[in-house]
Amino acid sequence: MTSSRQSGVPADTSFRVGQFWYHFDDDRWVWSDELANIHGYSSSDDVTPTTALMLAHKHPDDKDRVEKLIAHVRSAREPFSSQHRIIDAHGHAIPVVVVADTFTDSSGSRAGTTGYYVALPDSPDDSSGRPFDLDAEQTVEERLNELIARRAVIEQAKGALRLVYQLDDQQAFDLLTWRSQETNTKVRDLAAAICDHLSDNGVPSSTRAAFDHLLLTAHEHIEPDD
């Protein structure tokens, strides 16, 4: 179950965060409304992201490096991170940190990558041509740690949905996103509530016994390295 439009995690008021999805096989991008905003568009309905458009928005001094990174990510099908500048639709240079991971299809194969743009606030438009450098390294690290923590609770909730409903990773995220939209609740807050109250229902003794057995024997099912 892969939707053509996927909702991102709402941006935190202290800094702007937008989410993207990139599908390897058909070279297709999906932007959240927040990421479209970061690029200077009013919503994701107003723009059709493509690799060419992505590169057109990169700062000229960073474009070649990012183009090579995208090509490598698509070929190797692996996670990535990047620090570079984008030029939004209004001509403003915006430093961003990008962190991403891969997602899989129903067969378990890596189908694409999904992640977040963190737009750094109050950064001057540097047109000097100097290599991009993050001056507020500690602040960026703190924000990334917060972003990773937010992502962790979402992944935990997705894991619970996958287990209970026998879903794949994308289906679990789609289900969580649907409830987020229906209840007008941030994905992160909804995921945290699910995780916080999951233990309230308890686990049947038969299920716990079966999992005990799995925990103690899982190593026997791992294929040895060649």
Side-chain angles (χ1 to χ4, degrees), residues 1-9 11 16-39 41 43-59 62-88 94 96-119 144 147-148 150-152 154-159 161-162 165-178 180-181 187-188 191 223 225-226:
M1 182 171 72
T2 302
S3 58
S4 59
R5 278 289 309 279
Q6 295 161 292
S7 280
V9 177
R16 294 190 294 164
V17 177
Q19 190 168 10
F20 70 89
W21 295 260
Y22 176 58
H23 298 259
F24 295 136
D25 288 341
D26 51 1
D27 189 27
R28 178 167 59 90
W29 297 87
V30 179
W31 283 359
S32 68
D33 285 338
E34 294 79 15
L35 186 53
N37 294 160
I38 290 173
H39 282 81
Y41 304 98
S43 76
S44 57
D45 291 329
D46 296 331
V47 60
T48 301
T50 63
T51 297
L53 180 69
M54 296 281 290
L55 293 174
H57 273 290
K58 304 308 178 188
H59 190 285
D62 300 330
K63 181 178 179 180
D64 288 346
R65 175 168 56 87
V66 175
E67 184 174 13
K68 291 176 182 177
L69 176 62
I70 292 175
H72 173 75
V73 168
R74 188 181 186 191
S75 174
R77 302 195 171 210
E78 62 184 22
F80 74 97
S81 62
S82 176
Q83 297 176 182
H84 60 269
R85 291 160 293 183
I86 65 171
I87 306 296
D88 71 11
I94 303 171
V96 296
V97 174
V98 183
V99 290
D101 198 357
T102 55
F103 62 83
T104 59
D105 58 21
S106 57
S107 69
S109 300
R110 291 182 176 180
T113 182
T114 179
Y116 301 92
Y117 275 62
V118 181
L144 284 178
L147 181 60
I148 291 169
R150 289 168 54 180
R151 178 68 183 268
I154 292 173
E155 292 300 319
Q156 186 176 357
K158 282 167 53 181
L161 295 176
R162 290 181 63 177
Y165 298 114
Q166 296 296 292
L167 305 175
D168 63 28
D169 188 75
Q170 185 62 50
Q171 290 171 333
F173 183 75
D174 287 346
L175 181 58
L176 188 63
T177 300
W178 167 67
S180 169
Q181 294 172 336
V187 173
R188 175 195 62 207
E223 296 292 334
D225 294 334
D226 294 335

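Any value given below was found using the heavy atoms of this structure, including those in side chains, with hydrogens, waters and symmetry copies removed. One is the number of the first residue; the rest follow in order along the sequence.
- Closest non-hydrogen pair, D88 versus I38, comes out as CB-O, 3.7 Å.
- For D46, the side-chain hydrogen bond (donor to acceptor under 3.5 Å, both in side chains) test picks out S42, with sequence neighbours left out.
- Residue S75 holds its OG atom at 10.0 Å from CZ of F24, rounded to the nearest 0.5 Å.
- Residues D174 and Q170 are in side-chain contact: their nearest non-hydrogen atoms beyond the backbone lie under 4.5 Å apart.
- Contacts of D26 classified as side chain to side chain contact (heavy atoms under 4.5 Å, CB included), with partners at least two apart in sequence or in another chain: H23, R28.
- Here the closest non-hydrogen pair linking P49 and V47 is CD-O, 3.4 Å.
- With D168 contributing its side chain and A172 its backbone, the two residues share no donor-acceptor pair below 3.5 Å.
- Under the salt bridge (Lys or Arg N to Asp or Glu O under 4.0 Å) criterion, R110 pairs with no residue at all, not counting sequence neighbours.
- By the side chain to side chain contact (heavy atoms under 4.5 Å, CB included) test, L69 is found to be paired with V73, F80, S82, residues two or more places apart in sequence or in another chain being considered.
- Here the straight-line distance linking atom CD of Q171 with atom CG of L161 works out to 11.0 Å at 0.5 Å rounding.
- Scanning for salt bridge (Lys or Arg N to Asp or Glu O under 4.0 Å) contacts around K158 gives E155, D169, with sequence neighbours left out.
- Closest of all the heavy-atom pairs between T50 and W29 is C-CD1, 3.6 Å.
- Taking A71 as the reference, nothing meets the side chain to side chain contact (heavy atoms under 4.5 Å, CB included) condition, with sequence neighbours excluded.
- Contact annotation: the side chain of W31 approaches that of M54 to within less than 4.5 Å [non-hydrogen atoms, C-beta and beyond].
- Side-chain atoms of K63 and H84, non-hydrogen and from C-beta on, never get closer than 4.5 Å to each other.
- In this structure, the side chains of Q19 and L35 stay at 4.5 Å or more apart for every pair of heavy atoms.
- A 4.5 Å side-chain heavy-atom check between I154 and L176 finds at least one atom pair inside the cut-off.
- Between T114 and F173 there is no side-chain heavy-atom pair separated by less than 4.5 Å.
- The shortest distance between side-chain heavy atoms of K58 and I86 falls below 4.5 Å.
- Considering only residues two or more places apart in sequence or on other chains, D105 meets the side-chain hydrogen bond (donor to acceptor under 3.5 Å, both in side chains) condition with S107.
- Taking 4.5 Å as the limit, every side-chain heavy atom of T102 sits out of range of all side-chain heavy atoms of R77.
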Should S44 and D33 be marked as a side chain to side chain donor-acceptor pair (under 3.5 Å) after you check the CA-CA gap, both sets of side-chain angles, and the distance that decides it? CA-CA 5 Å; S44 57; D33 285 338; 2.7 Å; yes
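- By the side-chain hydrogen bond (donor to acceptor under 3.5 Å, both in side chains) test, T113 is found to be paired with no residue, residues two or more places apart in sequence or in another chain being considered.
- The aromatic rings of H39 and H57 sit perpendicular, their planes meeting at an angle over 60°, well past the 30° parallel limit.
- Listed here is the closest heavy atom pair of A100 and F20: CB-CZ, 3.8 Å.
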